Amino acid sequence: MNHFEKFESYIPFDLLIPKNFLLAITAVTFVVLVRYLVTTFLFYVVFYLRRWQWSDLRQIYPELPSKTIQRYEIKWSVVSSIIFGIAGVLMGAFWQMGWSKIYLSFDQYGWTYLILSGFFVSVLHDFYFYVTHRCLHKPLAYKRFHAVHHASLHPSPWASFSFHPVESLIEAIPLPLITLILPLHPIVIVIYLTMATISAIINHLGFEVLPPGSAKHPVGKWLISGTHHAGHHRFYKYNFGLFYTFWDHIFGTQHPGYEQQFQQNTEVKIES
Ligand SMILES: [Zn+2]
Ligand SMILES: [Zn+2]
């Protein structure tokens with residue numbers, strides 16, 4: 001039997017024993033934190049330490065975030081990693097108890113479904129994020145919780161996990177819940193979470209990495225870009241999406257100047 005089709009490959013011990021549960025939280029938090037630190041550091045080295053001509057041309061803000069704000073973002077991201085670690089172990093406990101639809105055999109739903117399931121989970125998560133993000137912009141919730149993330153007017157890639165613990169909890173909930181209704185292979189979950197981390201880093205990078213013209217492209221215009229999310233940090237009332245611009249289009253919350261801002265961060269500067 002394939003290694004990736006065995007329950008023990010993912011959960012090697014009984015999670016319902018308290019000692020194991022705590023050990024698993026420590027291990028998963030460590031993995032989440034290392035993945036955040038290593039991936040962000042790679043982007044940091046390329047875009048912040050080794051300045052190169054191409055990235056200079058694509059810088060979104062006039063000035064890069066200070067070291068003080070970067071330290072602030074890392075501090076909150078470490079706390080978020082613990083909450084994401086707890087959510088990961090809860091998802092495993094649901095699976096062990098037989099509550100979730102996580103499956104092991106690649107043949108059970110076929111390879112087409114395996115790939116599509118990653119897209120389905122991203123759309124569900126994106127919608128959940130859009131709705132909760134709009135709620136977090138209500139005055140009281142903003143002041144109490146979401147202001148932590150918006151303290152970065154010009155965020156650095158370290159801001160990708162920089163949330164108040166309550167916001168981290170809100171954002172940690174959907175995936176364990178989605179596994180209760182949508183069949184997912186654990187490999188899809190691992191790849192999805194890694195891609196979500198990279199996407200969050202790119203959205204806060206401070207440099208536009210998508211190709212010129214993406215904001216008008218039939219496919220690219222539906223994807224959140226660094227320019228799109230930088231617009232959210234700058235204008236507050238626009239651009240609430242996580243991966244896709246569907247909901248911002250449908251609910252009329254996409255910044256009217258987005259396409260022009262994107263062009264300024266790519267084509268215009270390159271031509272000049
Ligand atoms: Zn916000
Ligand atoms: Zn942000």
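All ligand and atom numbering here is 1-based and tracks the order in the structure. Quick caveat: nothing in here was measured; it's all calculated off a predicted structure.
Taking backbone and side chain together, H229 holds an N, O or S atom under 2.8 Å from the Zn ion (ligand 2). With 2.8 Å as the limit, H204 counts as an N, O or S neighbour of the Zn ion (ligand 2).
For H149 atom NE2 and H233 atom NE2, the angle they make at the Zn ion (ligand 2) is roughly 100°, to 10 degrees. Rounding to 10 degrees, one finds that the Zn ion (ligand 1) sits at the corner of an angle of 100° between H137 NE2 and H133 NE2.
Considering just the N/O/S atoms of H146, the one nearest the Zn ion (ligand 1) carries the name NE2. Atom NE2 is the N, O or S atom of H150 at the shortest distance from the Zn ion (ligand 1).
For the 3.5 Å distance criterion, the side chains of Y192 and S117 fail to qualify, holding no donor opposite an acceptor. Side-chain polar atoms of Q261 and T227 form no donor-acceptor pair below 3.5 angstrom.
Taking the ring centroids of Y142 and H150, they lie under the 6.0 Å cut-off.
When each of L177, I170, L175, V123 is tested with Y128 by the rule side-chain contact (heavy atoms from CB on, under 4.5 Å), just one qualifies, namely I170.
Here the side chains of H232 and H149 are not in contact, with every heavy-atom distance at 4.5 Å or above.
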